[in-house]
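Note sheet for the following structure.
Treat the numbers as computed from the prediction; the structure is a model and nothing was measured. Letters go in sequence order (proteins before strands), and every chain restarts at 1.
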2 protein chains.
Amino acid sequence: MLIQLNFKSGKPVYLQVVDQIKSAAASGVLKPGEALPSIRPLAEELRVNRNTIAKAYAELESQGVIESRHGKGCFLADNHSPLKKEIRRKMLIEEIDQAVVQAHNLQFSREEFLALVNERCDTLEEKRNQHRGGQS
Amino acid sequence: MLIQLNFKSGKPVYLQVVDQIKSAAASGVLKPGEALPSIRPLAEELRVNRNTIAKAYAELESQGVIESRHGKGCFLADNHSPLKKEIRRKMLIEEIDQAVVQAHNLQFSREEFLALVNERCDTLEEKRNQHRGGQS
DNA sequence: CTTAGTGTCATAGACACATATGACAGTAAG
DNA sequence: CTTACTGTCATATGTGTCTATGACACTAAG
């Protein structure tokens, strides 16, 4: 479980932690029931205040991604709270739009853009498979 | 010149404006010496405070991307040569990857994702055409 | 029991972001 | 000149982020 922070992006640290743990959960790097790094050690490793990590974990729990047990630790939930399709669709559209706008700003043609999207789907899929295989 | 804001990302609005104008400048969509949207109309269009846009433009000027002339407007600086394809490709890949990961996290199949990407390309293209038509 | 590790709660302060609003100065067209 | 646009500066307010710190409760191991 590796978390990489970018202090220059302007994106809040606790949200970066939330997103990366959600990605790790969805991609299989973290398995259901598995323990997450404890708040204080993780805060020390990332060199942020323990409240920042606690806030990230609280957010993750409110989203149903993890479960925290007092005195024991935080664990990945068994099933990621299934959001309704329409909600998930809107969340995804936000990300897609940013990529489409970026493609337009950088003067990529639609065909080039779609080809690149396909390529990245392949690349990231391979990455996930490597992670699954390396966990045995 | 289309700017797309994401208010839920956690990334400061003024930085989103900075990044997107820098992309447009780097790719050649904005040409050296060309006028940028005025602060107040752009703020109104994006539905943010004029100070937010002013802050973005001030940041761009401090980075040498644009020049602002009191009473006239803001203009793209002269020395901004278009970036090479490989650089632009990497910038685009960063955005694409975020969308691909999000699609996976939200449990969209590859086919659903690609269909949605196509849909958004259409939608945003129409939006741009409407903007161009409304400008004449 | 004690000890150490865990999550949780509360308080306070510093700073950044975004807002609302007013005012001033430069530019251009009438 | 006036008018309308432009960028700029200043002030104030509310919210969010991050930090620092102390305290408490739960769990497990000794």
### Task
Report yes if at least one side-chain N or O of Ser68(B) is closer than 4.0 Å to OP1 or OP2 of dG7(D); otherwise report no.
no
### Task
Please collect all salt bridge (Lys or Arg N to Asp or Glu O under 4.0 Å) contacts where either partner lies in residues 61-76 of chain B, sequence neighbours excluded, each pair once.
Glu67(B)-Arg69(B)
Considering only distance and modelled atom types, tabulate donor-acceptor pairs under 3.5 Å from the side chains of residues 109-117 of chain B, sequence neighbours left out.
unit_1	atom_1	unit_2	atom_2	d
Ser109(B)	OG	Glu112(B)	N	3.1
Ser109(B)	OG	Glu112(B)	OE1	3.3
Arg110(B)	NH1	Asp122(A)	OD1	2.8
Arg110(B)	NH1	Glu125(A)	OE1	3.4
Arg110(B)	NH2	Asn118(A)	O	3.4
Arg110(B)	NH2	Asn118(A)	OD1	3.2
Arg110(B)	NH2	Asp122(A)	OD1	2.8
Glu112(B)	OE1	Ser109(B)	N	2.8
Glu112(B)	OE2	Lys85(A)	NZ	2.5

### Task
Just call it for Glu61(A): base, sugar-phosphate, or nothing, with non-hydrogen atoms closer than 4.0 Å on any strand.
sugar-phosphate
### Query
With sequence neighbours excluded, what pairs up with Glu59(B) under the side chain to side chain donor-acceptor pair (under 3.5 Å) test?
Gln63(B)
### Task
Sort and list the pairs that fulfil salt bridge (Lys or Arg N to Asp or Glu O under 4.0 Å) and have at least one residue in residues 6-19 of chain A, not counting sequence neighbours.
Lys11(A)-Asp19(A)
## Note on the structure
Span of DNA chain C engaged by chain A, first through last nucleotide within the 4.0 Å heavy-atom cut-off, is dG5(C) to dA10(C)
### Query
Which whole-number value in Å describes the distance from His70(B) NE2 to dT6(D) C1'?
7 Å
### Task
Could you tell me whether the phosphate oxygens of dC26(D), OP1 or OP2, come under 4.0 Å of any side-chain nitrogen or oxygen in Lys72(A)?
no
### Message
Holding to side chain to side chain donor-acceptor pair (under 3.5 Å), I want the full list of residues that pass it with Gln102(A), two or more places apart in sequence or in another chain.
### Response
Ser23(B)
#### Entry: Qualifying residues under salt bridge (Lys or Arg N to Asp or Glu O under 4.0 Å), relative to Arg40(B), sequence neighbours excluded
none
Check the interface with nucleotides 16-19 of chain D: list each N/O to N/O pair with the protein under 3.5 Å, or write none.
unit_1	atom_1	unit_2	atom_2	d
dT17(D)	OP1	Tyr14(A)	OH	2.8
dT17(D)	OP2	Lys55(A)	NZ	2.6
dC18(D)	OP1	Val13(A)	N	2.4
dC18(D)	OP2	Tyr14(A)	N	3.4
dT19(D)	OP2	Asn49(A)	N	2.8
dT19(D)	OP2	Thr52(A)	OG1	2.7

### Task
Taking the side chain as every heavy atom from C-beta outward, state whether Ile66(A) and Phe75(A) have any pair of such atoms under 4.5 Å apart.
no
### Task
Send over the distance from Ile39(A) CD1 to dC26(D) P, rounded to a whole Å.
17 Å
### Task
Indicate, yes or no, whether a donor-acceptor pair under 3.5 Å links the base of dG7(D) to the side chain of Arg40(B).
yes
### Task
Provide, to the nearest angstrom, the distance between the CD atom belonging to Glu59(B) and the P atom belonging to dT8(D).
14 Å
### Query
Tell me, which pairs form a salt bridge (Lys or Arg N to Asp or Glu O under 4.0 Å) where one or both residues lie in residues 96-108 of chain A, sequence neighbours left out?
Asp97(A)-Arg120(B)
